Every structure is written in C-alpha cells, then in structure tokens.
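Have a look at the structure below before the remarks.
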Amino acid sequence: MLRAERTIPRREQVPRHKVAEPSRLAQNGDRYPPYNRPGTVTHPAPVPPAGPRYNPAMAGKLPETIIARFAPSPTGSLHVGGARTALYNWALARQRGGRFILRIEDTDVRRSTPEATRGILRDLAWLGIDWDEGPDADAADPHDLATQRGGRGPYFQSQRQTLYREHLQKLIDTGRAYKCFKTPAELDAQRRQARTEGRPEKYDPTESLNLSREQIAALEAEGRPYVYRFRMPDTDITIADLVLGEVTIRAEELEDFIIFKSSEAGGGPTFHFANVVDDAAMGVTLVLRAQEHLMNTPRHAALFDALDLARPAWAHVPLIFNPDGSKMSKRDKAKAVRAAAKKRLDAEPARGPGPAALAEAAGQPTARVEAFIRGESDDLDTAVALAGCVEVKLPEIDVADFRASGYLPQVLCNYLALLGWNPGGDVERFDTAFIIEHFGIERIGRSNARFDRDKLFRFNADTIAAMAFEPFRDALRAHFEAYRPQLLAKLDGNRFDLFARAYHPRSRTLDEPAELARFLFIEDEQVQYDPKAVAKVLRRNDGEGLSVLRRLEAALSGCDDWSSAALEACVAAFAKEHGLGMGKVAQPLRVAVTGTTVSPGIGDTLELLGRESTLTRLRHCQSACAQPA
RNA sequence: GACCCCUUCGUCUAGCCAGGUCCAGGACGUCAGGUUUUCAUCCUGAAAACACGGGUUCGAAUCCCGUAGGGGUCGCCA
C-alpha cells in the first residue's frame, strides 16, 4: 500500500485559500469538457452575497434578454485579452438564458486568414466556451455555409456584403453617407499641415459635400477611387456604458469617418460599419468589449441612430498588460528571444562568428537572424527557431501558448475571470459553472490589470493537485497526444498510468512531466551525470555513495517483484539493514539511474525505468563515476 | 498635443454607492523558520498599500474640488 500513500494528490488538507463551492448550475455537466466539470474544485467556502458595490453602471441598464457576441478578427491567434472578453460575454449569455454569437470580422481581406479563424475556434472550444450561433469548430471548412449554425448567418462578414450595401444605400438616401475622393496621401498632408498650424486635425467634409453631381461623375470617369464617409451629427454624443457610466463626447470632437473602403483598398465596409450593421441584424443587445473601443463607440452610436436601429447596451472592460506595464503582444516573444540571443552573443564573443553560428544552429539565413537581433524584424518564425538555440522559453501570450505550456482550460478561465472581475469577498478559486452563476457587470473593475503568470501558475498547480487521478491522467494523455507524441510513444500500455501516477504529485502544468522525466526517454548509455550531484552524493565521504551502489546492486538484482511498492520496500529494508537513513540510499541510487538528484519516489523511478535499465545504469554509473585515483 | 478612461500592499483585488466596526482583509509573489529520501508539496510566521494637496464632517480609503501619474484613442486595422 506504499504506492497508494505516495500517489494521493499532494493536497490532503483543506487548502489555505478559499475555494468556491461547486455550483448548482454545474449539475448538468454535459456542456463542459470532462476536466471542466465541477468536482475538480471541491472544498466548500462561503460565497458572500454579491452585494452590488457602487458602480456608475447605473447609468445604463443590462438588457432583459442578453444577446451577446464575440467578434474576433481572424488576423492572428486568440489573445488572452480576447479570451477574457469572450468569457465575459459567454458567461452573461449563459447566466441569463440568452444567446452567445460568434461572428468572424474578416473585413480586412488582406490580413484575415482561414488558419487564424480555425485557431480561434479551436482555442475557444478548448476553453469550454461554446456558441449558439456561428461557424462550426469541427467543420472541414468553417466558411462552408451549410456547416454554420444559427438563423442569422452567415457568420463571416466577408459573406454578408449585400447587407452592407443595402444599409449603405439607406444612408446615401438619407444624405448621411457621401463620396469622398481624397487620397490617403492628401489627407495625411492636410493633417500634418493642421498640426503645424496648431489647428485641430479634423476631417473637413465641406469640399466633398459640395461636389456637384457632374463633378462626381467626372471624377469617377477619370477612375479616381473614392470612399464613403458617414456624416456625423453635430451634437454631443453620450453613451451609457455599463462599466464606466455615462461618457459624453462633444460634437466638435467627432468627425466624419469612412464606412466603405475604396476600390484600391479592396472595397467593402470598414469595421465600424459592418460591426454596427451586423449587431443590429443579429439582434445583439449587449456589446461587451475591450476599452480600446471606447472612442469608437460614439461613431457606432451615431450609426445606429442614423440607421434608425436600437442601440445595444455597451460595456467596456479594462485592458490586460504585461507585468512591466507594457502592452501584451506577440512582439514580446521576439523581445524575449532577442534579449537571450544578445546575452548569449555577449557572453561568448570569442567562440565562433557569432550571429552566423546562431543562424546556422537555428537553420535560418544569417541576414535574417542579424536583422532580428538588431531589432529590425520581429518575425515570429525566426524567434521560434532561435528560441530553441538560446534556450529561452517564449512568454505565453495567446491562449494556444498557455495550452501548449500545460495549463488547464478551467484554470485559465478562472484566472482570466479574476483579472478585472471578482465575485466579492475572498473567493478566488472557482470553476466555469461558478462564473456563469455569479458573473455580473456591476463587479467589473475599471482599471487596467497586469497579467501575473506566477499567480496563474499557482492556480494551475493547485488545481492539478486537487484533481483525482483519472481526470489528471486523461488530461495528461491528451496533452501528450497533442504536444509530446514522441514521448507518449515510449510509454506503452499501463506504463503511461504508472508515469502519470508518479508525476501527478509533482506536476504543476501538464507539460512539466515531459521536462522532468527526460531520464526516462534516453538510452542507458546516454545518461549524463551531473558533476555536482556526483560529487555530493556519490564521492563525498570517501565514496560513501559509490559503495552503497555496489552493495545495492546485489540487493536489487535479487528483487523478484519489480513493482514500485516492492522496490521501495527493498530499498528501505536495505537502508535499515545498513543502519543508513533513506536519503543515504535513495539519493545515490537516483543519481545512478537518472544522472541527477531529482526524480519521482525511488520505487516509482525504478519501476518506470524497468529492471534491465536500472541494473545497467547502476553498473554504468559505478564505472563512469568512480573515485578519481 | 487633443479627447476619453483610470488610481488601495511588488501584482490581482476586498472595502467605497448607504463616512465610524479599517492603526485597511484576502490571494499570488517575497522573506524567515519547520516537515519531507530528492524534486514538488505541506505547515507556521513576517514585511508590504488607501498617489498627492485642499475642502466637507465630530469623524474620510470611503463624499467634493484640484494636482500628479498611468492607460486608451486620434488608420481605407479591428
């Protein structure tokens, strides 16, 4: 029963931190992935009555029916900030029995890619965020109309052009949209001029507005490209934000903006226009998005008004930053690699031709690597290739990064929910069902937050510790299938179970076992003996450890039952017999078979390794680490 | 620069709307001890904040005004 004792999760006592009680909504667990079901969070803690704290949100009212949406643009991976926005929208829709729509805003034809769409769908699904309407995450081609769900599709803006045209026509008919033939270069020059003269850099519509029908026809005949601009009202615009309260922008701050791009830019609606038209067409009642959109909102409000459509409720959530206060972006990966590469080059100026050697090691053109290191390029592929050579771990930025690093989806949701919102009181650990039950806009904060990886890491570690064995094993297997297939292949049959048992208590992420168990995946001859470990554990005191190994070899080869429990017992008996502490025996053995002082319990380590490898390594070690003459 | 938003321990935050019970509570991190065959845990304890200045009040982290600082926006990107 030794094994049972050793393999129970680390946290036997009720944790110090308060953990939310599994919530009532959790009972219909089918909506969530297995690991997302309650039960992984078990210790009861009181949730204080969610006393609404003061919030100027009183300025706006949450709609009766929540029809929320998440509308990413498929120009990159799903960022944690985006994930949080999606989570908040989703939670509100689920809590109120509303609908949650996923709409892909691919109006930027140049930068949108199907791969990005696919990645976003995959990452949302992984987080346990599902949507009532939108593309199908499992479809061979999510763009395929037949696979999209919901009655108000299609859910790609590129597939809704007719609708935008119709609404544009309405604005033209009511005199709220007009053609503007100014080129970007002209506008830029005007802006610069205004700036040097100290005038406000506001677009002046008079010229375009005064164009006669004939003049317009002439310009078009010349083939001059034009955009459509929206005529802003000349009144102040107040928006009732659910998080920030009332925000008023004075009329003079407002300018006519482009709603339809020129043929040169690919035509079609701009974000502002498509966004508003679609929100209206899809019946969206709540627009909860990042605060960087706050200054767009007056434009959107004016557009709703001009189109005679009901404004949705707006809620602008604060932004998420790096611990150092900088904006969290993909560039951070390049920055981290650059810093490490520079350090490496500075440290070994004598060795090799520097950047060229690095480039070769990374399999990248030297010129590209040099440019990268000089900071002239932030190319992600170069960064990734280089990262392996300079031994730097890329910072996690996107949801996919955290997944690859072995974070649990429910933990990421938990942490993200907490970044900008809290249920009140001291409760910090909870599952998604709890979020659905308790989430509320009135408790969203109003100041920006910094992303604390340490805290997320601790949440993940504690959640893994609290998991029952089977869910942990299944999650670990799924992770290895996706990210460590070559290692998984070496863990046949119930050896994977044994592996999972041995590493469950020492895993803080699902990826840690892969790093920690290196010794398992190498050939017996490849074991590298850490000099410090050898000196301390084997050679010290006149080779005390080595002599233990000699005697241990005999004892172990006589062990018939090569199971963790029997091995543990065997080693313990040996220690007792020789009047040694367990450490005096287990440590030399550990160094002998792993090359380091770190591994799972000695019984697990030996069983995992197998009899043959253990004995081979034991002999090999004795000759390799013999006391120097 | 203009406009808008924000401001409690290093970080995320509770408390603020209904001022006293707050010499400000929790979490992560940090530090000091302890448990443990390594690792990872676990246990005990500690340091650590109301940005500043005015007001209102018997009393202000809480209400008002100002200052400073941080952030966002100012694209035919979203």
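The model shown is predicted, which means the values in this text are computed figures rather than measured ones. Each chain gets a letter, A, B and so on, in the order the sequences are listed, and its residues count up from 1.
Side-chain atoms of A:R446 stay outside donor-acceptor range of the base of B:rU7, with no qualifying N/O pair under 3.5 Å. Looking at A:R506, its side chain comes within 3.5 Å of the base of B:rU38 through a donor and an acceptor atom.
Only the C1' atoms considered, B:rC50 is 16 Å distant from B:rG69, to the nearest whole Å. Distance check on atom P: B:rC65 versus B:rC5 gives 13 Å, rounded to whole Å.
A:R508 has its CZ atom 4 Å from the P atom of B:rU41, to the nearest Å. A:N414 places its CG atom 12 Å from the P atom of B:rC28, with the value rounded to the nearest Å. The nearest whole Å value for the distance from the NE2 atom in A:H504 to the P atom in B:rU41 is 13 Å. Rounded to whole angstrom, the span from the CZ atom of A:R458 across to the C1' atom of B:rA27 amounts to 12 Å. In this entry the distance linking CG of A:L419 with C1' of B:rA27 reads 13 Å, nearest Å.
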In 5'-to-3' order, the base (B), backbone-only (S) or no-contact (-) status of each nucleotide in nucleotides 69-78 of chain B, using a 4.0 angstrom heavy-atom cut-off, is --SBS-SBBB

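In terms of the salt bridge (charged side-chain N to carboxylate O under 4.0 Å, His left out) criterion, residue partners of A:R518 (sequence neighbours excluded) are, by chain and number, A:E515. Evaluation of the salt bridge (charged side-chain N to carboxylate O under 4.0 Å, His left out) rule for A:E512 yields A:R508 as partners, not counting sequence neighbours. Applying the salt bridge (charged side-chain N to carboxylate O under 4.0 Å, His left out) test to A:E201 and every residue at least two apart in sequence or in another chain returns A:R195. Partners of A:A301 under the side chain to side chain contact (heavy atoms under 4.5 Å, CB included) rule, at least two apart in sequence or in another chain, are A:I237, A:I239, A:R311, A:W314. Residues passing the side chain to side chain donor-acceptor pair (under 3.5 Å) test with A:E105 are A:R103, A:Q157, A:N275, sequence neighbours excluded.
Set against B:rA2, B:rC12, B:rU13, the side chain of A:N422 has B:rU13 as its closest nucleotide. When distances are taken from the side chain of A:I249 to each of B:rA27, B:rC3, B:rC12, the shortest belongs to B:rC3. Each of B:rA2, B:rC28, B:rG15 was ranked by its minimum atom distance to the side chain of A:E253; first place goes to B:rA2. Comparing atom distances between the A:I602 side chain and each of B:rU37, B:rA27, B:rC3 picks out B:rU37 as nearest. The side chain of A:Q587 sits closest to B:rU38 out of B:rU38, B:rC6, B:rC28.
Residue A:R453 has no polar side-chain atom (N or O) positioned under 4.0 Å from OP1 or OP2 of B:rC28.
Using a 4.0 Å heavy-atom distance criterion, A:P600 is classed as a base contact.
Between A:K202 and A:E252 there is no salt bridge, since no side-chain nitrogen of the basic residue lies less than 4.0 Å from a carboxylate oxygen of the acidic one. Using a 4.0 Å cut-off between charged side-chain N and carboxylate O, A:D236 and A:R250 make no salt bridge.
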